[in-house]
*Asks:* 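Structure in structure tokens, see below.
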Amino acid sequence: MSRFSPLEWPVLRQIRSGDLLGRGPAVTSERTRATSPRTTTADRVVQSVCPYCAVGCGQRVYVKDEKVVQIEGDPDSPISRGRLCPKGAASEQLVNAPGRQTEVLYRAPRATEWQRLDLDTAVGMVADRVLEARRNGWQDADEQGRPLRRTMGFASLGGATLDNEENYLIKKLFTAAGAIQIENQARI
Amino acid sequence: MSLSEFDSYRPPEPPRRRRRNGPRRRGAGQGGGGDGSREMPMVPEPEFGSYYGRPVVKPAPWGHEVAAYLFLGGVAGGSALLALGGQLTGRGELRRNARLGSVTALGLGGAALVADLGRPERFLHMLRTFKPTSPMSMGTWILSAFGAGMGTAVAAEVDRMTGSRLPLGPLRPVLRAVEGPAGIEAAVFAGPLAAYTAALLSDTATPTWNAAREDLAFVFVSSASLASGGLAMVTTSVGQAGPARRLAVLGVAGELVATKLMERRMDPVAAEPLHHGQAGTMLAWSERLAVAGGLGTLLGGRHRGIAALSGLALLASSALTRFGVMEAGLHSAVDPRYTIEPQKARLAARRAAGITDDSITTVG
Amino acid sequence: MGQLAGPTDPTADAHWEHSHARKGFFTDTSICIGCKACEVACKEWNQNPQDGELELLESSYDNTGALGASTWRHVAFVEQDSERIEEARESGRKLVSLGMPRVGPPEARPQPAAEDTTPPDTPEFRWLMSSDVCKHCTHAGCLDVCPTGALFRTEHGTVVVQDDVCNGCGTCVAGCPFGVIERRTDGTAAPRTERDGQPGKPEVKNVGVAQKCTLCYDRMVDDQTPACAQTCPTTSIKYGEHEDMVETARHRVAEMHAQGRTEARLYGANELDGVGGTGSVFLLLDEPEVYGLPPDPRVPTADLPRMYQRAGLAAAGMLAAAALAFAGGRS
Amino acid sequence: MANADCIVIQGSNMAECHPVGYQWVTEAKARGARVIHVDPRFTRTSAVADKHVPIRAGSDIVLLGALINHVLTHDLWFEEYVRAYTNAATLVNEDYRDAEDLDGLFSGFDPETGQYDMSTWAYAENEDGAGGHDGKVDAPAGDPDDGAEAGAEAVEEAAGQQLGSGGAPMEHARMLHDETLQDPRTVFQILKRHYARYTPEMVQEVCGIAPEDFAYLVRSITENSGRERTTCFAYAVGWTQHSLGAQYIRTASILQLLLGNMGRPGGGIMALRGHASIQGSTDIPTLFNLLPGYLPMPVAGTHDTFEDYLAAIASKKQKGYWAEADAYTTSLLKAWWGDAATADNDWAYDYLPRLTGAHGTFQTLTSMLDDEVEGYFLLGQNPAVGSSNGRMQRMAMSHLKWLVVRDLNLIESATWWKDGPEIASGELRTEDIETEVFFLPAATHVEKSGTFTQTQRLLQWRHQAVAPPGECRSELQFFFELGQRIRERLADSADERDRPLLDLTWDYPVDAHGEPDPEAVLAEINGRHLTGPDAGRPLSSYTEMRADGSTSGGCWIYTGVYADGVNRAAARTPGQEQAAAAPDWGWAWPANRRILYNRASADPEGRPWSERKKYVWWDEEQDRWVGDDVPDFPLHLAPGTRPDPDAGGAAALAGDDPFIMQADGKGWLYAPKGVLDGPLPTHYEPQESPVANALYAQQRNPSRVLFARQDNLTAPSAGEPGADVYPYVFTTYRLTEHHTAGGMSRWLPYLSELQPEMFCEVSPELAAECGLEPYGWATIVSPRSAIEVRVLVTERMTPLVVRGHTVHQIGLPYHWGVGGNAVVSGDSANDLLGLTLEPNVQIQDSKVGSCHIRPGRRPRGPELLDLVAEYQQRAGATVETGNTRIDVPGTDRSADPDTDPTTDPMREH
């Protein structure tokens with residue numbers, strides 16, 4: 001009913017179409033007649049995999065104007081055949097969650113609140129701290145003189161929602177740095 | 001509840017938010033607490049199964065505005081008939097006051113109706129279609145037609161009252177010419193205006209309203225009659241208010257009879273809400289006030305003061321009828337018992353009568 | 001003019017020139033695992049707001065409660081003991097002995113060599129789960145009572161609200177015999193915790209407008225499966241042409257009865273029922289009211305002609321009374 | 001799974017935790033398969049199963065052992081399969097003593113270290129090399145995880161720090177056999193004796209399972225096993241998260257091997273894992289004890305030199321592909337250190353840091369509490385809620401100098417310093433906490449490309465859909481950049497210890513947003529030829545890897561995923577357009593095989609066991625293995641082939657050795673090495689139990705890993721004074737509507753509203769006993785903490801009569817945590833749990849614990865600590881309680897020399 005055209009008045013359409021009870025096409029609005037799913041109006045569709053459990057259900061991610069507008073099961077997947085559990089079905093909200101944190105936050109020692117920090121500074125600070133902790137926790141050899149060449153100064157605990165490639169880089173970098181206390185969800 | 005020596009350190013128990021779905025009572029459908037609850041209800045478990053006591057049908061999202069509209073629409077309709085009578089029998093004061101009363105009730109009622117919409121700015125969408133299956137749609141068209149006639153008549157009336165000061169120009173003669181026919185036109189829609197609201201309520205899945213579908217219209221037109229008569233008794237001098245008094249008395253009699261008939265014909269379970277709780281109280285008072293107003297009219301109707309008091313009692317009675325019926329219906333929707341029991345009973349009755357092909361539950 | 005009751009093709013009844021096959025659901029609750037993926041997928045696709053109270057609803061694992069303006073799929077959870085299970089089995093058997101209609105009895109699909117037709121032992125306990133949804137009735141109360149034409153019958157035989165038309169009069173809410181449609185409020189529960197620096201409640205769309213399942217009309221026009229049926233992990237929710245759904249349902253219930261599971265029954269598969277049959281057919285394992293469904297729903301409009309008749313009579317009576325009032329005396 | 005005739009779901013709530021995976025069970029059931037759910041609770045899985053068998057949490061081995069016993073004593077085992085494909089006929093060392101002989105201990109236990117010396121468990125060897133009774137020679141060794149279908153299981157994740165996935169290496173030796181299976185020293189007879197007392201009566205007494213239910217289970221399994229039919233087991237963390245979790249899986253493996261259900265369609269043991277890439281994160285592990293591809297991390301003392309390392313991990317003479325571990329190791333080192341890895345420096349082997357024991361997350365935790373760790377990275381992980389003994393976790397974090405949290409939302413592990421439970425109880429004061437906290441927002445799965453490895457070892461590529469918003473970054477980008485910054489800062493360093501960082505190959509192409517190309521990383525993982533005519537070409541199989549430095553490859557088991565430069569993980573031929581095994585969707589390791597050990601789906605002669613269960617078979621005409629899947633066997637190795645007894649590696653495989661990733665090609669009924677807590681699964685009670693062990697004097701797994709500390713007290717078990725203070729058993733689990741610690745679900749309104757509040761599930765009987773009001777509040781107290789929950793009273797919980805008294809179980813979902821940022825929050829069930837680890841894989845014992853439950857909410861502030869302390873005092877719980885290694889019959893369990901609270905309780909490995 002955005003632009004009212006007298007000839008399109010549903011009452012007249014009721015009479016014209018014979019739908020005197022006004023149940024069908026006579027009462028549709030312009031917008032209704034133009035209905036189309038946002039899966040068809042999306043700019044692109046990308047194949048992905050559900051991030052929750054290890055069944056590995058296929059997902060289709062629909063993108064419009066560089067925003068994810070829909071994530072649903074990928075019927076092509078022989079594993080999931082287009083189906084998703086409630087968590088998988090909520091993936092779009094995971095991406096576009098109202099409460100999602102997209103800024104770096106920093107809590108100084110003894111501080112009672114967060115403060116903003118830009119990403120570049122934060123990464124630099126972390127790099128400094130890694131090197132310092134590595135130095136402080138360094139062990140060259142054990143009591144019997146056997147080589148250890150490691151640091152006990154820092155540790156990491158990863159979730160199992162990380163990509164293989166990410167785990168690979170983490171393991172590679174930390175091992176090269178001599179860190180051994182690298183763990184993940186698999187143990188938890 | 002004091003269960004632990006640490007009670008004093010406990011945080012205060014926040015009140016649980018009100019259930020969106022009404023009472024927490026559990027039906028016996030879970031096999032007598034098969035839902036895991038051992039909670040003993042305060043009253044014995046009713047003899048019906050339900051889903052955690054949640055409603056099966058939803059109550060209409062209608063507030064007091066709609067009840068008020070039911071009342072005001074009736075007043076407007078009845079007044080239009082009095083106005084026409086006044087017009088035809090030359091009772092000028094009655095005509096004038098009834099017309100003004102009618103249009104006022106109509107205006108207030110319309111406003112109430114719009115206010116109750118989820119999207120009041122879209123009230124004009126009501127005229128988008130003409131849907132015979134929708135009492136609300138029919139009512140809208142009736143209201144519009146009625147409003148057109150009554151509006152015209154009142155415009156003429158007001159022009160007359162202001163000494164022809166309305167800036168009508170050349171239209172004044174036209175207005176005067178159509179005034180009479182307009183009053184008749186409005187009166188044609190007066191009865192439907194008072195009666196359609198009964199169909200509006202009954203044409204729902206709300207158990208009490210639906211069960212009252214045979215006779216609710218009679219209750220409503222009677223209520224409209226006594227209310228409009230009452231209004232005229234308040235506004236109009238006793239000399240001209242004779243027809244109003246008679247209409248009021250007829251309305252009272254009609255209502256008392258129609259109500260009893262209606263309740264007798266209703267499913268007994270679905271009729272229960274008319275007698276319980278707030279609705280029961282309102283309807284009981286409605287009846288008392290109707291009787292009192294009717295008696296007052298009969299016995300002291302020629303006394304201006306008594307007439308006015310009786311008129312007020314009748315108006316109040318009519319309002320209470322509509323608010324009571326509204327409330328009873330809403331209550332019947334919220335408690336699943338009123339949906340499930342009558343349905344089970346009628347299904348069983350049909351089966352007992354050998355009709356077994358029309359159940360929604362089948363095995364093949 | 002269209003019909004108000006009885007068997008009919010609702011699409012043709014609504015004067016669609018190019019009607020499609022009627023589409024619908026078959027929800028087989030015997031294989032529902034209660035995962036609620038349908039609820040989430042529905043909300044996600046339709047962008048319905050969160051409407052839970054964020055507290056336990058005291059009904060097993062059901063914290064949604066009922067269908068409503070923002071919940072278009074609702075999974076019911078019912079825990080039952082053996083006594084109740086036997087009652088359900090008995091009531092199912094009764095349906096058979098009543099000679100309930102087998103409208104077009106299903107072609108005797110070769111039973112799997114009916115190894116054992118004695119009823120299985122009644123288990124000590126069961127947990128029913130069932131995903132409820134709008135019934136998309138053949139004779140839809142909501143649609144018929146809608147004054148604005150906001151509700152309409154689609155070319156696929158489903159019933160849909162046009163949220164750009166609806167003015168929120170609320171008549172449809174009372175008009176639905178299944179308690180499905182509801183007017184949306186913005187009353188979503190706020191997060192229970194205080195969130196610092198977080199945006200408040202997201203804006204709720206279509207406030208004040210009646211809302212219910214559209215059977216994903218927007219997906220259907222593009223031949224896509226509704227979100228709930230697509231996501232359902234166990235195919236408890238099946239989607240397709242209504243006729244096929246009813247057929248599948250009949251086969252399934254026959255199969256279960258053959259296994260001695262006489263508690264199984266269909267809901268909505270009978271076009272002679274009070275709403276002319278539903279577009280969403282269910283296989284239930286107990287009486288409908290146990291799941292919160294009406295046992296004998298009847299579309300109110302079926303009685304509307306009679307109501308109009310009575311109202312007309314009443315209006316005439318009022319006119320007569322008025323006439324009498326003026327005729328009856330001099331003063 | 002859809003092909004199974006009977007599915008036993010035990011230790012998993014499959015329909016709730018893996019709804020989409022459950023579609024295959026639904027399908028099998030629709031085809032007539034019987035589905036049985038064995039679980040402490042009646043769950044949504046039980047609701048759709050044919051039968052629910054309630055079991056006392058922590059007693060699964062008794063049930064499975066009784067099934068084994070029944071199968072053995074009633075001759076229901078699949079004889080031909082067992083004889084051909086398992087080590088049933090092998091003889092065991094005559095010094096071996098079974099748990100039956102030593103009342104719960106095996107021979108070789110050292111109470112000082114809590115470890116077994118496994119030498120007596122070994123097979124009997126024929127000194128003169130003349131072979132066994134029939135002269136048949138075999139070379140058993142290998143993986144402790146007898147070929148569970150899902151491949152690398154929890155067991156492999158850390159099957160002893162030193163072992164890696166190849167299991168204990170063994171010099172090729174001649175083992176004694178008795179093909180008649182009659183010799184009392186055969187594995188078969190040992191097995192028979194070991195489980196002889198695991199009877200239906202014992203099942204009733206220990207598990208609380210009625211004899212008729214047991215009979216039903218036995219009938220269902222045995223009637224649905226054999227040539228024509230197969231039975232499948234499914235498990236999840238319900239089994240692994242026990243102090244003897246790996247043994248649970250082994251018990252099921254033994255049963256499945258006896259019934260011939262391994263390597264066959266519709267058979268096997270299905271591991272159901274809870275995280276998108278938990279399989280991947282053990283394949284390419286961020287685990288202390290492993291390098292990619294299950295190669296072990298070097299250990300000081302045993303792996304000091306490259307030679308030591310290679311000798312220790314795999315023998316050149318053992319059967320199967322593990323014999324080439326040197327090539328895999330060299331390729332890995334070449335991938336990491338490129339040209340700096342040369343033959344002269346042992347391919348930079350010394351760049352690898354060394355272990356000196358367990359350095360798992362829980363050992364790290366105690367180090368943190370001792371102020372030995374300065375910094376901690378949490379990458380999509382929420383230990384404040386998700387890890388056992390949450391209070392210890394949070395207290396440990398407060399000892400850090402700095403903490404980096406990378407996540408999507410402000411999880412409890414990022415905010416404990418302002419709104420954690422210890423702030424509320426007054427144990428910590430925000431103003432006193434020195435820890436610096438960095439919260440770095442992460443990218444979601446659609447904001448980055450990369451692979452997840454799902455539970456059946458399938459790698460699936462995800463394409464990036466959009467760029468991450470704001471300052472969100474992928475881990476890939478963050479770590480790449482961190483590496484660059486670190487290398488920049490060290491660029492001028494002459495320190496030898498910085499060489500590994502400076503020599504690291506760390507030059508990945510980046511896109512416009514600075515995101516490194518994940519495909520380049522995948523290519524590095526896959527590996528490439530470095531020299532020769534093929535230089536630069538991606539490897540197409542791990543068989544192309546060489547130990548001479550001519551190949552590189554970051555994870556040998558993944559080699560082939562990038563064969564011919566094509567990203568096979570991104571293969572997406574729609575399922576409906578290809579065969580049932582769907583080989584053109586993603587890429588499964590190894591070598592794109594979908595069912596491991598599928599050679600076992602054919603009989604020793606290579607014929608399918610039956611037409612109905614046809615999968616992979618030998619085709620005489622083509623002279624190769626064919627079938628519905630990539631044969632998990634050398635393609636042209638004929639069934640009748642008998643290798644040279646002295647050969648090693650793949651060449652040593654016989655034509656009927658289906659378990660090719662095992663060193664001997666056989667399925668293990670008995671593990672002569674490699675399993676740290678015994679060669680045969682044995683029932684012990686959980687760390688905390690209201691019941692005394694009915695089978696042995698030994699109450700608990702003697703080789704479990706203990707953390708005897710004041711902040712990790714154990715409740716007294718049955719028979720110990722104070723056991724009645726914590727009389728109830730609680731078990732933790734997940735709900736469909738949430739995800740682990742909630743970081744990816746409690747922030748989503750759609751999921752939060754479906755399960756908004758923390759609750760417990762109790763039986764009507766327990767509710768009556770304790771006066772619990774339905775849906776009211778209750779407080780649950782364990783020796784670690786007390787939490788408040790809503791009460792769901794339900795008949796889905798069944799009290800079990802065990803050893804004469806009623807055991808009440810309390811179910812607790814563990815998704816909620818205390819914090820101020822989520823849509824819904826609540827007390828965390830993990831706060832109740834103590835830390836005790838399974839010895840093989842060091843997984844927490846988080847499925848069972850002892851507690852008390854009382855009506856009403858818990859106290860606030862310091863009074864909460866008083867409440868917990870009051871219970872501890874009444875129970876007389878001390879650091880010694882429950883931390884006894886050996887329970888000698890008839891002696892007081894409270895005295896034990898092993899647990900000295902003043903020393904580090906970590907056990908040395």
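The chains referred to below are lettered A, B, ... by the order of the sequence lines, with proteins before strands, and numbering in each begins at 1.
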*Asks:* Heavy atoms only, distances under 4.5 angstrom: which of A210(C), C166(C), A316(C) has the most pairs with chain B? Name it, please.
*Replies:* C166(C)

*Asks:* What part of I360(B) is in contact with chain C, defined as an atom under 4.5 angstrom from a non-hydrogen atom: side chain, backbone, both or neither?
*Replies:* both

*Asks:* Please enumerate all residues that pass salt bridge (Lys or Arg N to Asp or Glu O under 4.0 Å) together with R306(C), with sequence neighbours excluded.
*Replies:* E214(B)

*Asks:* Could you tell me whether the side chain of R128(B) and the main chain of T148(C) form a donor-acceptor pair under 3.5 Å?
*Replies:* yes

*Asks:* Any side-chain heavy-atom pair from V173(C) and P59(B) closer than 4.5 angstrom?
*Replies:* no

*Asks:* Using non-hydrogen atoms and a 4.5 Å limit, figure out which bit of F220(B) sits close to chain C: side chain, backbone, both or neither.
*Replies:* neither

*Asks:* Pick from A315(C), G208(C), G277(C), A174(C): which one has the most heavy-atom pairs with chain B under 4.5 Å?
*Replies:* A174(C)

*Asks:* Closest approach of T171(C) and M136(B), non-hydrogen atoms and distance?
*Replies:* OG1-CE, 3.3 Å

*Asks:* Using a cut-off of under 4.5 Å on heavy-atom pairs, state which of V145(C), L143(C), V275(C) scores highest against chain B.
*Replies:* V145(C)

*Asks:* Taking C-beta and beyond as the side chain, do R265(C) and T362(B) meet within less than 4.5 Å on heavy atoms?
*Replies:* no

*Asks:* Distance-only, no hydrogens or angles: does the N270(C) side chain make a donor-acceptor pair with backbone N or O of D357(B) under 3.5 Å?
*Replies:* yes

*Asks:* Select one option (side chain, backbone, both, neither) describing which atoms of A264(C) are under 4.5 Å from chain B's heavy atoms.
*Replies:* backbone

*Asks:* Say whether, by atom type as modelled, one donor and one acceptor occur between the side chain of W62(B) and the main chain of C169(C) under 3.5 angstrom.
*Replies:* yes

*Asks:* Where does T206(B) contact chain C at under 4.5 Å (heavy atoms): side chain, backbone, both or neither?
*Replies:* both

*Asks:* To the nearest 0.5 Å, what is the distance between CZ (R213(B)) and OH (Y308(C))?
*Replies:* 15.0 Å

*Asks:* Using non-hydrogen atoms only, which part of P135(B) is less than 4.5 Å away from chain C: side chain, backbone, both, or neither?
*Replies:* both

*Asks:* Considering only heavy atoms, which portion of C146(C) lies under 4.5 Å from any heavy atom of chain B: side chain, backbone, both, or neither?
*Replies:* both

*Asks:* Without swapping roles, check the side chain of Y51(B) against the backbone of F77(C) for a donor-acceptor pair under 3.5 Å.
*Replies:* yes

*Asks:* Quick check: does any side chain N or O of T129(B) sit under 3.5 Å from a backbone N or O of P147(C), one acting as donor and the other as acceptor?
*Replies:* yes

*Asks:* Does Q343(B) reach the side chain of R298(C), with side-chain heavy atoms less than 4.5 Å apart?
*Replies:* no

*Asks:* Do you know which of L284(C), L313(C), L319(C), L293(C) has the most heavy-atom pairs with chain B at a distance under 4.5 angstrom?
*Replies:* L313(C)

*Asks:* Heavy-atom distances under 4.5 Å only: say whether D203(B) touches chain C with side chain, backbone, both or neither.
*Replies:* both

*Asks:* Say whether, by atom type as modelled, one donor and one acceptor occur between the side chain of R246(B) and the main chain of A325(C) under 3.5 angstrom.
*Replies:* yes

*Asks:* Counting heavy-atom pairs under 4.5 Å with chain C, which one of R346(B), M138(B), E121(B) comes out on top?
*Replies:* R346(B)

*Asks:* With chain C as the partner, which of L127(B), T339(B), L82(B), L84(B) has the greatest number of non-hydrogen pairs under 4.5 Å?
*Replies:* L82(B)

*Asks:* Compare all side-chain heavy atoms of N167(C) with those of L117(B) and state whether any distance is below 4.5 angstrom.
*Replies:* yes

*Asks:* Which heavy atom of M318(C) sits nearest to which heavy atom of G191(B), and what is that distance?
*Replies:* SD-CA, 4.2 Å

*Asks:* Regarding K131(B) and D144(C), does a basic nitrogen lie under 4.0 Å from an acidic carboxylate oxygen?
*Replies:* no

*Asks:* Distance check, rounded to the nearest 0.5 Å: E289(C) atom CD versus R337(B) atom CZ?
*Replies:* 14.0 Å

*Asks:* Return the minimal non-hydrogen interatomic distance between A217(B) and A311(C), and the atom names on each side.
*Replies:* CB-CA, 3.6 Å

*Asks:* Is it the side chain or the backbone of A199(B) that comes within 4.5 Å of chain C heavy atoms, both, or neither?
*Replies:* both

*Asks:* Given a strict heavy-atom distance threshold of 4.5 Å, which part of R310(C) is in contact with chain B: side chain, backbone, both, or neither?
*Replies:* both

*Asks:* Using a strict threshold of under 4.0 Å (side-chain N to carboxylate O), is an ion pair present between R54(B) and D62(C)?
*Replies:* yes

*Asks:* For chain B, which of A322(C), P297(C), P288(C) has the most heavy-atom pairs under 4.5 Å?
*Replies:* P297(C)

*Asks:* Given the options C172(C), P177(C), C142(C), which has more heavy-atom pairs under 4.5 Å with chain B than any of the others?
*Replies:* P177(C)

*Asks:* Could you look at V207(C) and say if it's the side chain, the backbone, both or neither that has a heavy atom under 4.5 Å from chain B?
*Replies:* backbone

*Asks:* If I take atom CE from residue M307(C) and atom OG from residue S202(B), how far apart are they, to the nearest 0.5 angstrom?
*Replies:* 5.5 Å

*Asks:* Pick one of side chain, backbone, both or neither for I355(B), based on which atoms fall under 4.5 Å of a heavy atom in chain C.
*Replies:* neither

*Asks:* Considering only heavy atoms and a distance below 4.5 Å, find which of L347(B), T140(B), V249(B), V56(B) pairs most often with chain C.
*Replies:* V56(B)

*Asks:* Is there a side-chain contact between T361(B) and L266(C) (heavy atoms, below 4.5 Å)?
*Replies:* no

*Asks:* For V246(C), which atoms come within 4.5 Å of any heavy atom of chain B: side chain, backbone, both, or neither?
*Replies:* neither

*Asks:* Grab the two heavy atoms, one from K58(B) and one from L67(C), that are nearest each other, plus how far apart they are.
*Replies:* NZ-O, 2.6 Å

*Asks:* Answer yes or no: is there an ion pair linking K344(B) with D296(C), defined by an N-O contact shorter than 4.0 Å?
*Replies:* no

